[in-house]
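Below is one structure, written out as structure tokens; the observations come after it.
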Amino acid sequence: MKKITDILKNRILHIIIAFICVIVLIVFIIAAPEMGKKALFYETLKAFLVIGFGIYMASFPFVIAIKHIKETKDLPDTQVETRMETFIRVLGHIGFIPFVTLALGILVIWAGGLQVGDCIKDYREGTVDIVLMNTTAEYYRSTSTRGYSHKRYTVKGMEVSTRENYKFRFGSLSNQVMDAINTDSDRIEMRIYPNSKAVVYMKICASDQTIVLPGE
């Protein structure tokens with residue numbers, strides 16, 4: 001009974017810490033500048049934070065295993081076998097949560113690793129300038145069960161020279177920018193890091209105005 005209680009306590013503590021890590025990561029993603037000279041730095045830092053969170057999630061089953069090994073290493077073989085059997089039964093009793101966190105952790109590490117790889121390529125290769133035509137700006141709103149609402153913005157367009165379609169996601173765009181892109185813009189000039197899609201600047205060229213982001 002004590003062993004089950006200890007494992008449940010570890011699981012609850014693990015869930016609390018994981019929840020705090022998720023909140024910190026979300027706050028950083030929202031607060032970090034999305035455009036500017038340091039855009040690639042923030043993309044890289046974000047990717048490493050994601051990897052760190054994945055490592056923490058994946059470590060949960062190993063923490064349980066190491067704790068069990070420490071408890072049984074000095075006991076006779078027959079008792080060790082008995083405790084191993086008890087440990088297996090305990091895992092079966094509490095479900096597959098440690099293995100689920102391991103799988104999710106590996107997935108998060110993989111996603112973060114891909115982003116780190118893209119950032120490293122961008123540090124080596126530098127920025128490129130692109131010009132987008134046929135541009136549109138959209139947003140979608142997500143609402144939590146507690147009523148908290150959050151918008152995400154997407155800017156789309158086709159690059160003039162390569163005819164490649166681009167899509168950029170932002171946490172915030174003003175109504176002025178949205179209207180300029182959708183109703184009055186003939187092109188958007190951008191300087192970006194091509195692999196991570198980090199944006200250094202975006203110039204919206206309209207018939208009667210030019211909007212440059214980020215502003216001064």
Side-chain angles (χ1 to χ4, degrees), residues 22 25-51 53-54 104 107-145 147-216:
V22 169
L25 185 59
I26 291 175
V27 170
F28 175 80
I29 291 174
I30 294 174
E34 297 180 298
M35 287 182 265
K37 295 180 179 179
K38 293 185 177 181
L40 183 58
F41 167 77
Y42 286 110
E43 283 295 323
T44 306
L45 182 56
K46 187 191 306 180
F48 276 112
L49 287 175
V50 170
I51 290 175
F53 176 63
L104 290 176
L107 182 62
V108 171
I109 293 170
W110 175 76
L114 290 179
Q115 185 67 8
V116 168
D118 288 338
C119 292
I120 291 174
K121 290 180 183 178
D122 284 336
Y123 274 113
R124 292 175 178 172
E125 300 171 5
T127 60
V128 297
D129 293 335
I130 62 174
V131 178
L132 301 182
M133 306 293 287
N134 302 324
T135 57
T136 60
E138 305 169 350
Y139 78 89
Y140 70 88
R141 185 194 304 269
S142 59
T143 305
S144 68
T145 55
Y148 173 75
S149 179
H150 179 63
K151 289 182 179 180
R152 294 294 297 177
Y153 298 82
T154 302
V155 175
K156 302 177 183 178
M158 183 179 66
E159 213 285 321
V160 174
S161 58
T162 63
R163 316 298 288 182
E164 180 180 353
N165 291 317
Y166 279 83
K167 180 189 295 184
F168 299 91
R169 292 186 174 88
F170 302 100
S172 63
L173 288 176
S174 68
N175 291 333
Q176 180 189 13
V177 171
M178 296 282 289
D179 291 340
I181 294 174
N182 286 325
T183 63
D184 199 30
S185 174
D186 58 356
R187 72 186 187 278
I188 298 178
E189 300 174 4
M190 302 180 73
R191 178 165 293 165
I192 66 169
Y193 289 95
N195 297 290
S196 64
K197 298 298 188 294
V199 179
V200 178
Y201 74 80
M202 178 168 65
K203 182 188 293 185
I204 303 161
C205 304
S207 58
D208 60 348
Q209 63 177 331
T210 298
I211 302 174
V212 179
L213 300 174
E216 297 295 335

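Note that this is a predicted model, so its numbers are computed, not measured.
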(request) State, to 0.1 Å, how close Met35 and Pro214 come at their nearest heavy-atom pair, and which atoms those are. (result) CB-CD, 3.8 Å
(message) Between Lys203 and Thr210, does the side-chain contact (heavy atoms from CB on, under 4.5 Å) criterion hold? Intermediate values first, please.
(response) CA-CA 7 Å; Lys203 182 188 293 185; Thr210 298; 3.5 Å; yes
(message) Return the OH to CD distance between Tyr201 and Glu189, rounded to the nearest 0.5 Å.
(response) 6.5 Å
(request) Please report the shortest heavy-atom distance between Tyr123 and Phe41, naming the atom on each side. (result) OH-CA, 3.4 Å
(request) Pick out which of Ile130, Thr127, Asp129, Leu40 makes a side chain to side chain contact (heavy atoms under 4.5 Å, CB included) with Ile192. (result) Ile130
(request) Can you measure from CG (Leu132) to SG (Cys205) and round to the nearest 0.5 angstrom? (result) 10.5 Å
(message) Can you confirm whether Leu173 sits close enough to Val155 that some side-chain heavy atom of one is under 4.5 Å from a side-chain heavy atom of the other?
(response) yes
(request) Report yes or no: does Glu159 contribute a side-chain atom to a donor-acceptor pair with the main-chain N or O of Val131 at less than 3.5 Å? (result) yes
(message) Would you compute the distance between atom CD1 of Ile204 and atom CG of Asp186 and round it to the nearest 0.5 angstrom?
(response) 11.5 Å
(message) Could you report the tightest heavy-atom contact between Ser185 and Thr135, atom names first, then the distance?
(response) OG-OG1, 4.1 Å
(message) Tell me the closest heavy-atom pair linking Gly112 and Ala47, and the distance in Å.
(response) O-CB, 3.9 Å
(request) Find the distance between CD1 (Ile181) and CD (Gln176) and round it off to the nearest 0.5 Å. (result) 10.5 Å
(message) Run the salt bridge (Lys or Arg N to Asp or Glu O under 4.0 Å) test against Glu138 and tell me which residues pass, sequence neighbours left out.
(response) Lys156
(request) Measure the spacing between CG of Asn175 and OH of Tyr139 and express it to the nearest 0.5 Å. (result) 8.5 Å
(message) Any side-chain to backbone donor/acceptor pair from Glu43 onto Cys119? Under 3.5 Å, distance only.
(response) no
(request) For residues Leu213 and Phe170, determine if any side-chain heavy atom of one lies less than 4.5 Å from a side-chain heavy atom of the other. (result) no
(request) Please assess Gln115 against Val50 for the test side-chain contact (heavy atoms from CB on, under 4.5 Å), listing each intermediate value before the final yes or no. (result) CA-CA 9 Å; Gln115 185 67 8; Val50 170; over 6 Å; no
(message) Looking at Phe48, I'd like to know if its CZ atom is crowded, meaning that more than 12 non-hydrogen atoms belonging to other residues, nucleotides or ligands lie closer than 6.0 Å.
(response) no
(request) List the steps and the verdict of side-chain contact (heavy atoms from CB on, under 4.5 Å) for Met190 and Phe168. (result) CA-CA 11 Å; Met190 302 180 73; Phe168 299 91; 3.7 Å; yes
(request) Taking all heavy atoms of Asn182 and all of Ala137, pick out the closest pair and write down the distance. (result) OD1-N, 2.8 Å
(message) How long is the straight-line distance from OG1 of Thr136 back to CE of Met158, given to the nearest 0.5 Å?
(response) 12.0 Å
(request) Taking all heavy atoms of Lys197 and all of Asp122, pick out the closest pair and write down the distance. (result) N-OD2, 4.5 Å
